[in-house]
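Inspection log for the structure reproduced underneath, given as C-alpha cells.
Along the sequence shown, the residues carry numbers beginning at 1.
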Amino acid sequence: FTQAGTYNLSVTISDGALSTTSSVSVLVAQTLSSISVSPSSTIVTQGMSRAFTATAYDQFGDAFVSPPTFNWSVTGSGSVTQAGVYTAPTGMTPVDTVTASVGSISGSASVSVLAASQGIAVSGDADIGAPSIAGSSAFDGTTYAISASGADIFGTSDQLHYVYTQ
C-alpha cells in the first residue's frame with residue numbers, strides 16, 4: 001500500500017475446470033508517524049508572541065486528513081497556549097523549544113528570544129549596480145519586508161540590493 005484508504009482485493013483460483021472468486025475490502029488507516037512544527041525556528045522579542053502550527057504525518061508521509069489534537073509545551077522560560085501561541089519572557093533572552101505532541105510522537109521548533117532593546121533597526125537600503133528588479137524595504141511596526149534581486153554576484157559586475165543598519 002502507498003497511502004491510507006480503502007482497497008478492494010479480488011482473487012480467482014482455478015484448477016483449469018473449476019474456478020472460484022473471493023473479494024475482500026481492506027481499510028488502511030492513517031497511523032501517526034511524525035509531527036512537524038512551523039516555523040522550525042524563529043526570533044521573538046521579549047514579551048511578544050508568535051503563533052506556531054503543527055502538521056501530523058502518517059506512515060506514508062502524508063498529512064492527516066483530520067489532524068489530531070496537539071498537546072503544546074515549551075522547554076525554557078516562555079509559555080505556550082494549547083492553540084500553539086508562544087509568548088516570550090520579559091526579563092530573559094533564552095533559546096526555548098516549543099513542542100507539539102500526540103502521545104509519544106512529537107515535533108519541535110526553536111525560539112531565540114531577543115531583548116526588546118536589541119530590536120533590529122534598518123537605517124536604509126540601496127542598490128549596487130542596476131539589478132533587474134529595483135530593491136526596497138519597508139517596516140510596518142512589527143515586520144520588515146525586503147524586496148530584492150541580484151545578478152553576477154562574485155563576477156565582474158555585481159548587481160544587488162542590500163539593507164543596512166548604522
Side-chain angles (χ1 to χ4, degrees), residues 2-5 29-155 158-166:
T2 59
Q3 65 183 26
Q30 287 188 300
T31 301
L32 179 61
S33 294
S34 66
I35 296 172
S36 174
V37 176
S38 182
S40 60
S41 67
T42 191
I43 298 172
V44 179
T45 303
Q46 287 175 328
M48 301 302 289
S49 297
R50 175 72 155 107
F52 287 86
T53 59
T55 304
Y57 293 95
D58 68 13
Q59 68 272 33
F60 303 107
D62 296 326
F64 264 60
V65 175
S66 298
T69 300
F70 298 102
N71 179 37
W72 291 91
S73 61
V74 65
T75 303
S77 305
S79 62
V80 67
T81 68
Q82 288 307 301
V85 178
Y86 169 86
T87 300
T90 56
M92 317 168 121
T93 56
V95 175
D96 288 347
T97 301
V98 174
T99 302
S101 62
V102 176
S104 63
I105 309 295
S106 65
S108 61
S110 174
V111 181
S112 295
V113 178
L114 184 68
S117 62
Q118 291 178 323
I120 299 170
V122 170
S123 301
D125 59 272
D127 286 330
I128 292 178
S132 60
I133 299 173
S136 65
S137 69
F139 181 64
D140 68 5
T142 58
T143 304
Y144 285 98
I146 301 169
S147 297
S149 70
D152 196 35
I153 304 300
F154 299 112
D158 293 345
Q159 300 175 43
L160 59 103
H161 183 76
Y162 69 98
V163 176
Y164 60 91
T165 63
Q166 290 182 331

If you look only at distance, which donor and acceptor atoms sit under 3.5 Å apart when one is on a side chain in residues 66-74 and the other is two or more places apart or in another chain?
none

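The nearest pair of heavy atoms linking T31 to Q59 is N-OE1, 2.7 Å. Residues G47 and T87 come closest through the heavy atom pair O-CG2, 4.1 Å. The shortest non-hydrogen separation linking A4 to A29 is CB-C, 4.1 Å. Smallest separation of non-hydrogen atoms from F52 and A109: CE2-CB, 3.7 Å. For the residue pair D96 and G78, the shortest heavy atom distance occurs at OD2-N, 2.8 Å.
In terms of the side-chain contact (heavy atoms from CB on, under 4.5 Å) criterion, residue partners of S41 (sequence neighbours excluded) are, by chain and number, S110. Under the side-chain hydrogen bond (donor to acceptor under 3.5 Å, both in side chains) criterion, T81 pairs with no residue at all, not counting sequence neighbours. Annotation: side-chain contact (heavy atoms from CB on, under 4.5 Å) contacts of I105 (sequence neighbours excluded): L32, I35. For T55, the side-chain contact (heavy atoms from CB on, under 4.5 Å) criterion is met by Y57, A63, not counting sequence neighbours. With sequence neighbours left out, S38 forms a side-chain hydrogen bond (donor to acceptor under 3.5 Å, both in side chains) with no residue at all.
Inter-residue side-chain proximity for V65 and Q30 is flagged as met; some heavy-atom pair is nearer than 4.5 Å. Looking at heavy atoms from C-beta onward, V37 lies out of side-chain contact with S108 at the 4.5 angstrom threshold.
Remark: side-chain polar atoms of Q46 are not paired, donor with acceptor, to backbone N or O of A88 under 3.5 angstrom.
In this structure, the separation between OG1 on T93 and CD1 on I43 is 12.0 Å, given to the nearest 0.5 Å.
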